[in-house]
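As structure tokens, the structure follows; a few thoughts come after it.
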Amino acid sequence: MSRYNAADIEPKWQKAWADAEVFTAKADPDKPKYYVLEMFPYPSGDLHIGHVRNYTMGDVVARHRIATGHAVLHPMGWDAFGLPAENASIERGIHPGTWTRSNIANMKEQFALLGLSLDWSREFATCDPEYYGKQQAMFLDFLAKGLVYRKNAVVNWDPVDMTVLANEQVEDGKGWRSGATVERRELTQWFFKISDYSEELLTALDSLDNWPDKVKTMQKNWIGKSRGLQFAFSLIDGPDGHDRIEVYTTRPDTMLGASFIGISPDHPLARELEKENEDLAAFNAECRKMGTAEEEMEKAEKKGFDTGLRVRHPFDTAWELPVYVANFILMDYGTGAIFGCPAHDQRDHDFARKYDLPIIPVFVDEDYTEAVKLPSDRPDLDWSGAEGFGHLDGETEMTMLAYAFDVEANVPPAKNEEYTYLRGFFGETRLTANAAIDAAIAFCEEHGVGHGVTKFRLRDWGLSRQRYWGCPIPVVHCATCGVVPEKKENLPIELPEDVTFDRPGNALSWHPTWRDVPCPKCGAPAQRETDTMDTFVDSSWYYARFTSPDAETPTDADEAAYWMNVDQYIGGVEHAILHLLYSRFYARAMHACGHLPASAIEPFDALFTQGMVTHEIYLTRDANGRPVYHLPSEVNDGKLADGREVEIIPSAKMSKSKRNVVDPVDIINQYGADTARWFVLSDSPPERDVEWTASGADATHRHLGRVWRIVTEIIESPDEGAQPGDKDLLREMHKTIHDVSMGIESFGFNSAVARLYAFTATLGKSQAGRAAKIEAARTLVQLMSPMTPHLAEDLWSQLGGDGLVTLAAWPVADDAMLVDDEVTLPIQINGKRRSEITVPADMAKPDIEALVMADKAVQRALDGGAPKKLIVVPGRIVNVVV
RNA sequence: GCCCGAGUGGCGGAAUGGUAGACGCAGGGGAUUCAAAAUCCCCCGCCGCAAGGCGUGCCGGUUCGAGUCCGGCCUCGGGUACCA
């Protein structure tokens, strides 16, 4: 008898699939089409175990669809532009293109080892001029449609390296390479008008029935539709040209709780005032020494600068509020100015306490009964300040009331709950926040103070990057014509090869000649745009390009119409917002320019988000105290080979930059691809994150060896005719077909694997005759084939199966074989399991009740009395309440 | 900070509101063997001699019955618009 040897069989069957071109997508009028796509990888150089998990899952889906009679498209490519290539160039002097190409070659070899059902004939990399040239053509179409424009935006500026930094490259406010304090700097940048689609991107979420709710919720919150009031505070003795401050608020019901105005350091008023006020200029400069990341802004200590200016409250012009410049207000959001309501907003509350501003309650919780009192921890507070607010005369106790809420602001939990408004609206004091907001807006509109508006949190998509390794933006800057689109016949605008990376930043902008071109319009000497596109642009349409990877235009209408949409999209949940939202926008923009049919504006019919594979992060520090990361394979017992101890950071998703990646090639070399595949599908539910541990690969391999042995023993066994065990085995087989099929269709791969373990054990112990066992073995092999395709092919051929198991029709469970004759019903007494009875599956309720009443445990519990209640759930459970 | 998730034995995890711990790993015991590998069988949540009690991150609620539903927390993970 032969033994399972993956190294013998895996190359053999991979060649057989290639020779038969079984994975080459072919349109077929007799079959439903099925487009399955996994998010394509960034070519970091090596496949890590997270990739194996992701792509094996997609492969199971694709192979199952082939077996169930679909014309399958399952392509693969490379998300090949991006920062790491430039970093590698700076570190090692390699050209980003060379580095990327060699990474792709390397990873493709590793992919090949896994035996994935990919159609490599459609492969492309986003750094191929054939790909990004089409992207440039679409950019010009978008530009013509008014979907692209330029405006100023802030970036992280490293003043030492003289370059723009990604948020990831800013650590504690310092540039990761130079260590210099990062500054904000304004640049003119290109934007996609995604905000034109805010409403549609929001409402269309409802049509995505096969997307996870969590992703839809995240996108909904990200788009952030809000209704609110836009109004102005009039400024008292402001500088010339500044007589009002526009504010947007979603809580106009709290206007009577306003106690200060905050404006962004970049607000036009702040910029005007800093010219005359050195202290404010210094404050603003300090504020600008912060990265652009929202997280950093929000977590930073809230600081303000009192401008000394005052505004009038629109409801009571005698009421004056101070104007602060505050570091937590972004110019990009809303109007760049807010009013603070410390009683009901935690951030404003913190700010008010810090600057001893009044805290004026607007509403109280119904349950609030506590007597008004001064906060015991703030004896230093000077309450006389509150009396300066004229209209609050005699209401200072209200301020103190808010302080009785004390440390935390009385933040309202929901807008649809009722509160008691201390001053009321139109005579009503008890109303929901929503009603109060309506009333406040109505009141303001009536009195000409402001107007209700709908706003979205979603901002336009800034696509400019000041970097070399990306898709060049195909426009030319001409002194006389201004910004001129490149002519389509001149595309692709290729990246120059002869660049050096001896200094950080955008190599395009200091290339000696690349920029110099004649203006496409007037022919005069002009300069190319040196910004390249955000890599999210590359990944926002690759799914469409896969339908016709060689077309002269971005897509081919017939091919796109046939293959789109992606029937099943699979990828990490970390892409829940940006990549997926951008792709949804991009498909709409492509449709607007005739590159996709209307039916493809939601490009992904079904989405499955995988959990991530996580691992601890190991690091040491260089001479400047900056972290140096180490691979898990270099670390033993918390020490490097040279004996140095590493710092350990808790598990996070595997990423090249943190080097917490595990190489799957060792497992493949030692045990084969099928072991690696089976292993990553076992145990963990696909949607959940898993902390990587290598223990168990050996046991996984033993199991595959067991399958091999059991099946080959059956093949070699003598045929002694039908046996009494036949029916039990076949019944179990049909249940397994059912469970495994369900498991695969619902992404319950771990459950499917568990079921196959159990069925293997059943088959191994079965007393059935040879014919039944052969049938069961063939089914087992077929059911395993999406997961362990090489092993399955080999055993299938040994079992005399027809052709390739990959192409064999998926088995169908016989419903009649799924029901058991008898069921065991647990008997609960007061909800606790005390006994059980086994009854015929079709036994009537009264008969079951009689049996239950006769049960010893029930008799004991009843002690002669009658049960209060007797619940029989047919086929499930019995509960006796005594 | 804000938004979205997750939390069950020593470990990975299973469980349409219905027997908590399927299946696997690790561990323990045994069979086979000259020995080993491989293989097979049995045990394996906690406390308790037992009867029994306790048990799905924590606190409370709904229900005949809650890992599952509701409210409030805690911890961890993802995203936070220039990592991809």
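Letters A, B, ... mirror the listed sequences (proteins, then strands); counts begin at 1. Note: hydrogens, waters and symmetry copies are ignored here, and every other heavy atom, side chains too, is used.
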Legend entry - Polar pair under 3.5 Å, donor/acceptor by atom type, side chain Asp683(A), base G12(B): yes
Inset, instruction - Please work out whether the ring planes of Phe747(A) and Phe608(A) are parallel, tilted or perpendicular, with thresholds of 30° and 60°. - result: parallel
Inset, instruction - Between Asn167(A) and Val690(A), name the one whose nearest nucleotide on RNA chain B is closer to the 5' end. - result: Val690(A)
Legend entry - Check: Phe679(A) ring centre within less than 6.0 Å of His701(A) ring centre: no
Legend entry - Side-chain N or O of Ser682(A) closer than 4.0 Å to phosphate OP1/OP2 of G24(B): no
Legend entry - Test item: side-chain donor near acceptor, Asp460(A) and Ser195(A), under 3.5 Å: yes
Inset, instruction - Determine the contact category for Phe328(A): base if any of its heavy atoms lies under 4.0 Å from a base atom, sugar-phosphate if only primed atoms, P, OP1 or OP2 are that close, otherwise nothing. - result: nothing
Inset, instruction - Classify the side-chain pair Asp855(A)/Ser835(A) by whether it contains a donor and acceptor separated by less than 3.5 Å. - result: yes
Inset, instruction - Only pairs at least two apart or in different chains count here, so list each salt bridge (charged side-chain N to carboxylate O under 4.0 Å, His left out) that has a residue in residues 573-584 of chain A. - result: Arg584(A)-Glu602(A)
So which protein nitrogen or oxygen atoms get under 3.5 Å of nucleotides 60-67 of chain B's nitrogens or oxygens?
| unit_1 | atom_1 | unit_2 | atom_2 | d |
| --- | --- | --- | --- | --- |
| C64(B) | O2' | Asn879(A) | ND2 | 3.2 |
| C64(B) | O2 | Asn879(A) | ND2 | 2.5 |

Legend entry - Parallel, tilted or perpendicular: ring planes of Tyr197(A) versus Phe585(A), cut at 30 and 60 degrees: perpendicular
Kindly give the atom pairs (protein nitrogen or oxygen, nucleotide nitrogen or oxygen) under 3.5 Å for nucleotides 51-54 of chain B.
none

Inset, instruction - Fit a plane to each ring of Phe81(A) and Trp469(A), take the angle between them on a 0 to 90° scale, and name the class: parallel (under 30°), tilted (30 to 60°) or perpendicular (over 60°). - result: perpendicular
Legend entry - No-hydrogen, no-angle side-chain donor-acceptor test under 3.5 Å, Thr838(A) and Thr824(A): yes
Inset, instruction - Would you mind building the protein contact string for nucleotides 3-9 of chain B? One character per nucleotide, 5' to 3', B for base within reach (heavy atoms under 4.0 Å), S for sugar-phosphate only, - for untouched. - result: SSS-S--
Inset, instruction - Identify all stems in which RNA chain B takes part, counting only runs of at least 3 consecutive pairs (Watson-Crick or G-U wobble, each distance under 3.5 Å), and give each as one range with another, ordered by first number. - result: B:1-7 with B:74-80, B:10-12 with B:23-25, B:27-31 with B:39-43, B:45-47 with B:52-54, B:57-61 with B:69-73
Inset, instruction - Kindly point out which of U80(B), G18(B), A22(B) is positioned nearest to the side chain of Val873(A)? - result: G18(B)
Inset, instruction - Among the candidates U16(B), U19(B), G13(B), find the nucleotide nearest to the side-chain atoms of Arg876(A). - result: U16(B)
Inset, instruction - Classify the glycosidic conformation of G67(B) as syn or anti, calling it syn when the angle lies within 90° of 0. - result: anti
Inset, instruction - Measure from NZ or CZ of Arg457(A) to the centre of the six-membered ring of Trp222(A) and say whether it is under 6.0 Å with the direction within 45° of the ring axis. - result: yes
Inset, instruction - Say whether Arg177(A) and Asn87(A), considering side chains only, have a donor N or O and an acceptor N or O under 3.5 Å apart. - result: yes
Inset, instruction - Provide, to the nearest angstrom, the distance between the CH2 atom belonging to Trp461(A) and the C1' atom belonging to A84(B). - result: 13 Å
Inset, instruction - Please check if the distance between the ring centroids of Tyr582(A) and Trp461(A) is under 6.0 Å. - result: yes
Legend entry - Salt bridge Asp739(A)-Lys735(A), side-chain N to carboxylate O under 4.0 Å: no
Inset, instruction - Please answer whether the main-chain N or O of Asp161(A) pairs with a side-chain N or O of Asp158(A) as donor and acceptor at a distance below 3.5 Å. - result: yes
Inset, instruction - Verify the distance criterion only: is there a donor paired with an acceptor across the side chains of Glu38(A) and Gln610(A) at less than 3.5 Å? - result: no
Inset, instruction - Assign each of Ala699(A) and Arg459(A) to its nearest nucleotide of RNA chain B by heavy atoms, then name whichever residue's nucleotide is nearer the 5' end. - result: Ala699(A)
Legend entry - Nearest-Å distance for atom pair NE2/C1', residues His575(A) and G79(B): 11 Å
Name the pairs: protein N/O against N/O of nucleotides 36-40 of chain B, kept only if under 3.5 Å.
| unit_1 | atom_1 | unit_2 | atom_2 | d |
| --- | --- | --- | --- | --- |
| U39(B) | O3' | Arg709(A) | NH2 | 3.1 |
| C40(B) | OP1 | Arg709(A) | NH2 | 3.4 |

Legend entry - Options G79(B), C23(B), A81(B), nucleotide nearest the side-chain atoms of Arg457(A): A81(B)
Inset, instruction - Can you figure out which of G79(B), C83(B), G1(B) approaches the side chain of Lys299(A) most closely? - result: G1(B)
Inset, instruction - Could you work out which one of G13(B), C23(B), A84(B) sits closest to the side chain of Tyr757(A)? - result: C23(B)
Legend entry - Distance-only donor-acceptor check, side chains Asp531(A) and Ser464(A), under 3.5 Å: yes
